[in-house]
K.L.:
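Pasting a structure here, questions to come.
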Amino acid sequence: MSKHFTLPYEGGLINKNLPAGILHTYEKIWTHVYPDADPASFAIADIIVDAINARKDGLFRLGLTTGSTPNALYNELTRRYQEGKVSFRNVEVVSIDEYYPSSASGAQSRNHRIHEALLDKVDILQENIHIPDGTVPPEQLGNYCIQFDTIARNLDLLVIGVGEKGQVGFNEAGANEKTRTRTVRLSYNSRKRQSSNFNRDIMATPDKAITVGIGTMLSAKKIILMAWGEDKAEAVKAIAEGPRITDCPASLLQVHDHISFYVDEGAASLLTRTVAPWLVGPCNWTPKFIRKAVVWLCEVTGKPILKLTEKDYQNNGLSELLETVAKYDKINIDVFNDLQHTITGWPGGKPNADDSTRPVSATPYPKTVLIFSPHPDDDVISMGGTFIRLVSQGHDVHVAYQTSGNVAVHDDVVLQHMDCAFQLGFADKFDEVKKLVESKRPGEPEPRALLEMKGAIRRSEARGAVRSFGLNDNTNAHFLNLPFYESGGIKKNPRTQADVDIIKDLINKLKPHMIFMAGDLADPHGTHRVCTEAALEAMEQIKAEGAGWARETHVWLYRGAWMEWELGRVDMAVPLSPDEVVMKRHAIFRHLSQKDIVPFPGEDPREFWQRAEERTSNTAKLYDHLGMAEYQAIEVFLKLY
């Protein structure tokens with residue numbers, strides 16, 4: 001399964017023959033944007049392999065790090081080694097950080113992870129591997145860091161990923177450009193992020209680490225930074241375009257003479273050349289791209305669409321639009337009508353109505369609708385109001401929960417359910433389950449019996465949620481339990497044809513007219529992306545196998561609790577009444593295991609219902625500010641095909 005989902009774009013910056021100096025006008029670190037992590041990693045692998053092969057004498061000194069960011073790169077380097085395209089016998093690897101204290105054999109250690117991901121798979125000599133030692137006695141740690149810093153200086157190439165707040169290694173906010181290899185105390189938020197490697201137990205997560213400093217990194221002859229996904233977008237913008245500040249440690253690397261940044265489209269989504277490419281160079285002005293520019297102009301000027309003037313366009317870098325497309329007043333009217341036509345209270349199509357300007361056709365009615373939900377609550381969090389509308393308007397709506405979501409249930413929740421069963425007069429299994437919980441080991445998969453209980457809890461919550469607004473939870477709620485997810489830990493298994501076949505069976509059975517999928521690639525653990533890629537692969541295979549009905553099936557993409565579609569890309573906007581907002585909220589409340597104590601909240605402390613309501617309320621305000629009708633909330637969707 002090698003296909004990767006990338007979001008569709010229309011129009012944009014014309015890169016052909018555009019001088020690099022113009023393309024990177026706003027960037028203090030030149031940034032190379034790729035569709036996803038794989039092609040970007042292939043490009044970095046080219047640089048590494050070429051540099052290793054070009055070295056005629058002495059060791060090539062390569063600095064690396066661990067985490068999820070370099071995984072695709074390490075896979076590619078391993079593949080090229082296996083194909084005989086590169087040897088690591090004359091390579092010296094310096095890993096830039098390690099937890100402290102930490103045993104090299106511990107499954108959570110950086111040492112173990114970089115060996116597992118790369119070093120154990122290539123022919124590097126053990127004496128050429130340098131990884132900070134997390135077992136050094138505290139009284140020797142100062143001298144040890146000085147010695148390690150000598151090893152880590154003057155690398156030929158340093159390749160590192162950056163964190164959501166611009167961290168590099170364990171250099172967090174406050175680090176400066178003079179720092180060397182040293183011990184650092186990890187912040188609470190950093191430990192919370194890292195706790196995913198320690199069975200989500202923050203108390204078991206080390207509160208210190210050894211890290212190479214910014215000053216040491218700057219001594220490298222060449223530096224490559226990497227970042228993937230929309231959750232890194234703010235950091236990428238700050239690093240590439242922002243000022244050099246200690247609050248964003250990677251931005252301090254801007255002064256390096258030979259540094260470059262490799263990112264995917266999600267991570268690049270806030271760069272100037274993505275947000276406002278007309279400020280950079282000539283553009284291809286498609287209708288949606290024109291809408292993107294006008295919505296941006298409204299935000300810059302604080303005006304609704306129909307109040308924009310010719311001077312507004314000229315003063316804000318949009319003269320080319322007026323010169324190549326139309327006069328400002330025609331553009332205003334066209335974009336206003338275009339955006340107005342995205343709004344519909346009939347997400348399945350309004351029967352017996354003129355649908356020439358509606359986002360969804362009136363026929364057939366009723367439609368068979370299939371909603372794919374990566375986790376057992378994404379359906380109601382992301383598009384709960386639209387879900388409720390589709391059911392109430394008489395469509396045959398089905399929801400498919402692609403994964404069990406079992407690892408996102410706290411052990412205490414399981415014990416509470418066991419106690420409830422006992423109090424109701426059922427068998428007393430509390431002590432038995434408590435022993436199962438206590439048998440867990442950091443870094444190892446959870447016991448399968450415990451995961452089964454957690455999966456059952458999430459299934460019951462999902463059934464209760466859809467039951468709350470009238471869906472038949474016995475016939476129309478499907479639990480797919482895709483195999484890739486069932487690793488028992490945060491790190492998932494590879495997606496395979498087995499996952500796709502499960503989805504294909506359901507789609508072939510239902511033959512839906514509309515399919516809704518998660519387009520929210522900011523999911524911190526990647527499950528949304530894997531689930532969507534599996535569903536799209538299933539649709540491609542069904543079409544290739546000759547299913548004529550599938551060519552009439554339309555796929556719509558929603559987003560979740562992290563981020564919303566920008567209005568320039570929206571194809572359908574479904575307004576929600578105050579009562580529907582409350583119904584959606586109550587459906588989210590049915591997911592009790594995710595309420596108050598969400599295991600993976602990220603940096604946002606709010607519960608999912610709060611994030612969802614603010615997101616849909618803000619979307620409604622944006623439409624209002626552009627001159628549209630004022631609504632309580634709006635859920636928006638992008639039409640893939």
Side-chain angles (χ1 to χ4, degrees), residues 7-19 21-27 33 233 237 241 265 268-344 354-359 564-575 617-631 634 636-639:
L7 298 174
Y9 286 89
E10 295 183 20
L13 189 66
I14 300 173
N15 290 324
K16 187 176 181 180
N17 300 323
L18 187 67
I22 294 178
L23 177 64
H24 300 290
T25 296
Y26 290 86
E27 298 164 11
V33 182
K237 180 174 177 60
E241 297 185 350
E265 290 177 350
S269 60
L270 296 181
L271 292 177
T272 300
R273 63 167 148 147
T274 303
V275 173
W278 42 85
L279 298 179
V280 176
C283 296
N284 176 23
W285 295 101
T286 63
K288 267 197 176 179
F289 190 69
I290 293 171
R291 190 211 297 176
K292 172 187 174 77
V294 172
V295 170
W296 173 85
L297 184 58
C298 289
E299 183 179 352
V300 169
T301 61
K303 294 181 177 181
I305 295 171
L306 296 180
K307 287 189 176 181
L308 294 173
T309 66
E310 184 174 23
K311 186 166 287 188
D312 291 327
Y313 283 84
Q314 292 172 339
N315 289 346
N316 290 283
L318 286 167
S319 297
E320 183 195 34
L321 174 57
L322 302 182
E323 294 166 2
T324 60
V325 177
K327 293 183 63 177
Y328 80 94
D329 50 353
K330 184 178 188 309
I331 291 173
N332 289 352
I333 293 171
D334 288 347
V335 171
F336 181 87
N337 289 335
D338 176 39
L339 201 55
Q340 181 74 41
H341 292 156
T342 65
I343 302 173
T344 179
D354 177 10
D355 60 10
S356 58
T357 60
R358 292 179 178 273
E564 188 55 278
W565 296 119
E566 58 179 284
L567 296 195
R569 305 175 71 176
V570 168
D571 292 301
M572 178 166 65
V574 181
S617 172
N618 284 343
T619 301
K621 290 175 183 175
L622 287 174
Y623 269 88
D624 178 32
H625 294 161
L626 292 172
M628 312 291 155
E630 183 177 359
Y631 295 102
I634 294 179
V636 291
F637 303 87
L638 185 154
K639 188 176 183 180

K.L.:
Find the distance between NE2 (H625) and NZ (K303) and round it off to the nearest 0.5 Å.
P.N.:
16.0 Å

K.L.:
Are there over 12 heavy-atom neighbours, none belonging to Q314, within less than 6.0 Å of that residue's CD?
P.N.:
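More than 12 within 6.0 Å, yes.
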
K.L.:
Ignoring hydrogens, what is the shortest heavy-atom contact between V294 and I331? Give both atom names and the distance.
P.N.:
CG2-CG2, 3.8 Å

K.L.:
Counting only N and O atoms by type, is there a donor-acceptor contact under 3.5 Å from the side chain of N332 to the main-chain atoms of L308?
P.N.:
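At least one qualifying donor-acceptor pair exists.
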
K.L.:
Step by step, work out the side chain to side chain donor-acceptor pair (under 3.5 Å) result for E320 and W285.
P.N.:
CA-CA 9 Å; E320 183 195 34; W285 295 101; 3.2 Å; yes

K.L.:
What's the separation between atom OG1 in T301 and atom CG in N315, rounded to the nearest 0.5 Å?
P.N.:
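That separation rounds to 10.5 Å.
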
K.L.:
How far apart are the closest heavy atoms of L270 and K237, and which atoms are they?
P.N.:
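For L270 versus K237, the nearest heavy atoms are O-CD, 3.2 Å.
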
K.L.:
If I take atom OG1 from residue T286 and atom NZ from residue K292, how far apart are they, to the nearest 0.5 angstrom?
P.N.:
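If we round to the nearest 0.5 Å, T286:OG1 and K292:NZ are 10.5 Å apart.
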
K.L.:
Measure the spacing between CG of L622 and CD of E566 and express it to the nearest 0.5 Å.
P.N.:
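Output value for this atom pair is 11.5 Å.
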
K.L.:
Of the non-hydrogen atoms in P304 and G627, which two are nearest, and what is the gap between them?
P.N.:
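Where P304 meets G627 most closely, the heavy atoms are CB-N, 4.0 Å.
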
K.L.:
Given the rule in the salt bridge (Lys or Arg N to Asp or Glu O under 4.0 Å) test, do K307 and D312 qualify, once you have shown the distances and angles that lead to the verdict?
P.N.:
CA-CA 10 Å; K307 287 189 176 181; D312 291 327; over 6 Å; no

K.L.:
Is there a side-chain contact between T342 and L567, using heavy atoms and a 4.5 Å cut-off?
P.N.:
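In short, these two side chains do not touch, never coming nearer than 4.5 Å.
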
K.L.:
Determine whether P575 and I634 make a side-chain contact, defined as any pair of heavy atoms from C-beta on separated by less than 4.5 Å.
P.N.:
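Yes; the side chains approach each other to less than 4.5 Å.
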
K.L.:
Would you confirm whether the ring centroid of F289 sits within less than 6.0 angstrom of the ring centroid of W278?
P.N.:
yes

K.L.:
Is the side chain of E564 donor-acceptor paired with the backbone N or O of T619 at a distance under 3.5 Å, no angle test?
P.N.:
no

K.L.:
With a 3.5 Å distance limit and no angle check, can you tell me whether S269 reaches the backbone of A233 through a side-chain donor-acceptor pair?
P.N.:
no

K.L.:
Kindly indicate whether the side chain of I305, heavy atoms from C-beta on, has any atom under 4.5 Å from the side chain of C298.
P.N.:
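Result yes, sub-4.5 Å side-chain heavy-atom pair found.
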
K.L.:
Check the pair D571 / W565 against side-chain contact (heavy atoms from CB on, under 4.5 Å), numbers first and verdict last.
P.N.:
CA-CA 10 Å; D571 292 301; W565 296 119; over 6 Å; no

K.L.:
Search all heavy atoms of A268 against all heavy atoms of T274 and return the closest pair with its distance.
P.N.:
O-OG1, 2.9 Å

K.L.:
Answer yes or no: is there a side-chain heavy-atom contact under 4.5 Å between Y328 and L297?
P.N.:
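Y328 does not reach L297 side chain to side chain.
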
K.L.:
Can E27 and R273 be counted as an ion pair, charged N to O under 4.0 angstrom?
P.N.:
yes

K.L.:
Hey, could you give me the CG/CD1 distance between N17 and I14, rounded to the nearest 0.5 Å?
P.N.:
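Here the interatomic distance stands at 10.5 Å.
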
K.L.:
For K639 and M572, run side-chain contact (heavy atoms from CB on, under 4.5 Å): C-alpha distance rounded to whole Å, both residues' side-chain angles, the deciding distance at 0.1 Å, then the answer.
P.N.:
CA-CA 8 Å; K639 188 176 183 180; M572 178 166 65; over 6 Å; no

K.L.:
So which atom in G317 and which in L279 form the shortest heavy-atom distance, rounded to 0.1 Å?
P.N.:
CA-CD2, 4.0 Å

K.L.:
After noting the C-alpha distance and the side-chain angles of R291 and D334, does the key distance pass the side-chain contact (heavy atoms from CB on, under 4.5 Å) rule?
P.N.:
CA-CA 9 Å; R291 190 211 297 176; D334 288 347; over 6 Å; no

K.L.:
From R358 CZ over to I343 CD1, what is the distance, rounded to the nearest 0.5 angstrom?
P.N.:
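So the CZ of R358 and the CD1 of I343 are separated by 11.5 Å.
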
